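Written below as structure tokens is the structure these notes are about.
The shown structure was predicted, so the numbers you read here are calculated from the model rather than taken from an experiment. Each ligand, and each atom within it, is numbered from 1 in the order the structure gives.
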Amino acid sequence: MLTRDNTKKRMQLHIYDTKQQVAEAFSKYLTEFIASRPAVHMALSGGSTPKIVFDKLATDYATSIDWKKVHLYWGDERCVAPTDDDSNYKMTVEHLISKIDIPEENIHRIKGESDPQEEAQRYGKVLQSKLPNGANKIPQFDLVILGMGDDGHTASIFPHEIDLWHSDANCTVAIHPDSGQKRVSITGKIINNSEAVAFLVTGESKTEKVQEIINKTGDFEQYPASLVAPESENLHWFLDAAAAKGITSGKV
Ligand SMILES: O=C(O)[C@H](O)[C@@H](O)[C@H](O)[C@H](O)COP(=O)(O)O
């Protein structure tokens, strides 16, 4: 494991040869993380990368984790019905929730079928009421799991709307730059207030942005993923060799 200082905050890099090894390593990390706490409130990422991790958790780790003490939230959701193939909730049900013994009341989905602005407000209140909040009164996740898009977006904060990261709101409405699809997303104040943050990033298409963000080169400051710097300094990047290819050995 490499450790390096970046954006004035420390981060831990976990680099493995294959996507499968990333899934195994993250599943081990999550199992230990959950075992060490009486309850865990964690936000899941969407997209395709989590599928291999959720499949691993739902098979090899289904009984190693006490899912009754785990509360699942989402870092973002597409504004579609929960039955839509684009729904992050649907993907999570298919690859994880339908295969583990987790109480229904522990699932706190973003309602993609609702009016986006109303849902962003509602979900922001859910976080405020269900998550512990520290002295700063900001809801605090135990763990936020994030992916990163090829353009350096994370959750659903995209480069063309990077100001949404700095919103005072807990949740915001974003628009996908290509499809125009609306999304509900948690904001930077929530992500950086989390006790721990773990990126799951794999594949050649992520190499360039990972390189710029970790090495702090190029236009890294324009990528929302570069703004992830939790106050806790408990930031982990789980990467396969393809995504990590451009990381200079540098000072670690
Ligand atoms: O709703 C989403 O799409 C995600 O939450 C988003 O932030 C995702 O993590 C990245 O776009 C990476 O997606 P892939 O894993 O599909 O590359």
Side-chain angles (χ1 to χ4, degrees), residues 16 18-20 22-23 26 42-57 72-97 108-113 116 119-120 123 127 141 143-162 164-165 171-188 190-192 194 197-213 222-228 235-245:
Y16 299 89
T18 66
K19 208 186 262 193
Q20 290 71 18
V22 169
F26 180 74
M42 67 180 190
L44 304 176
S45 62
S48 57
T49 303
K51 292 176 183 176
I52 189 171
V53 173
F54 293 168
D55 289 342
K56 170 69 72 177
L57 290 170
L72 299 180
Y73 303 76
W74 277 261
D76 65 326
E77 182 58 277
R78 291 82 180 277
C79 294
V80 295
T83 52
D84 189 298
D85 285 344
D86 242 11
S87 164
N88 287 333
Y89 168 75
K90 180 173 188 276
M91 179 275 284
T92 312
V93 168
E94 287 171 352
H95 290 269
L96 181 62
I97 293 172
H108 311 281
R109 72 178 181 94
I110 298 172
K111 295 180 179 174
E113 70 276 24
E119 182 56 15
Y123 206 66
L127 301 184
F141 278 111
L143 174 64
V144 171
I145 300 170
L146 295 171
M148 186 193 76
D150 299 358
D151 60 358
H153 80 258
T154 193
S156 277
I157 309 292
F158 295 94
H160 76 295
E161 295 180 314
I162 195 164
L164 291 177
W165 176 271
C171 293
T172 187
V173 177
I175 297 178
H176 192 285
D178 303 326
S179 66
Q181 183 185 64
K182 287 191 176 176
R183 309 263 184 103
V184 172
S185 177
I186 58 177
T187 56
I190 298 294
I191 293 171
N192 281 343
S194 181
V197 179
F199 272 107
L200 292 175
V201 181
T202 60
E204 294 274 356
S205 69
K206 313 294 170 82
T207 307
E208 183 191 32
K209 296 300 187 285
V210 167
Q211 173 179 345
E212 290 185 66
I213 290 168
Q222 294 177 23
Y223 313 139
S226 75
L227 299 175
V228 176
L235 172 61
H236 301 263
W237 283 78
F238 286 83
L239 301 157
D240 69 353
K245 196 161 47 181

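Of the possible donor and acceptor atoms, none in the side chain of Asp151 sits under 3.5 Å from a partner among the backbone N and O of Pro159. Checking side-chain atoms of Tyr73 against main-chain N and O of Tyr123 turns up no donor-acceptor pair under 3.5 Å. A donor-acceptor contact shorter than 3.5 Å is absent between the side chain of Ser194 and the backbone of Ile191.
Here's the thing with Gly46: one of its N/O atoms is less than 3.5 angstrom from an N/O atom of ligand 1. In terms of polar-atom proximity, Asp76 is counted as a contact of ligand 1, with an N or O under 3.5 Å from an N or O of the ligand. At least one N/O-N/O distance between Arg78 and ligand 1 falls below 3.5 Å.
Considering only non-hydrogen atoms, atom 6 (C) of ligand 1 lies nearest to Ala155 out of Ala155, Gly47, Ser48, Gly147.
For ligand 1, the atoms lying closer than 4.0 Å to a non-hydrogen atom of Asn88 are 1 (O), 2 (C). If you number the atoms of ligand 1 from 1 as listed, the ones under 4.0 Å from a heavy atom of His153 come out as 6 (C), 7 (O), 10 (C), 11 (O). Counting atoms of ligand 1 from 1 in the listed order, those under 4.0 Å from a heavy atom of Lys206 are 12 (C), 14 (P), 17 (O). Less than 4.0 angstrom separates some heavy atom of Arg183 from each of these atoms of ligand 1: 1 (O), 2 (C), 3 (O). Ligand-side atoms of ligand 1 in range of Met148: 10 (C), 12 (C), range being under 4.0 angstrom from any heavy atom.
Taking Lys19 as the reference, nothing meets the side-chain hydrogen bond (donor to acceptor under 3.5 Å, both in side chains) condition, with sequence neighbours excluded.
When all heavy atoms of Asp150 and Lys206 are compared, the closest pair comes out as OD1-CE, 2.9 Å. The nearest pair of heavy atoms linking Ile145 to Leu200 is CG2-CD1, 3.7 Å.
Using a 4.0 Å cut-off between heavy atoms, Thr49 contacts ligand 1 through both its backbone and its side chain.
Heavy-atom neighbours of Lys90 NZ from other residues, nucleotides or ligands within 6.0 Å: above the threshold of 12.
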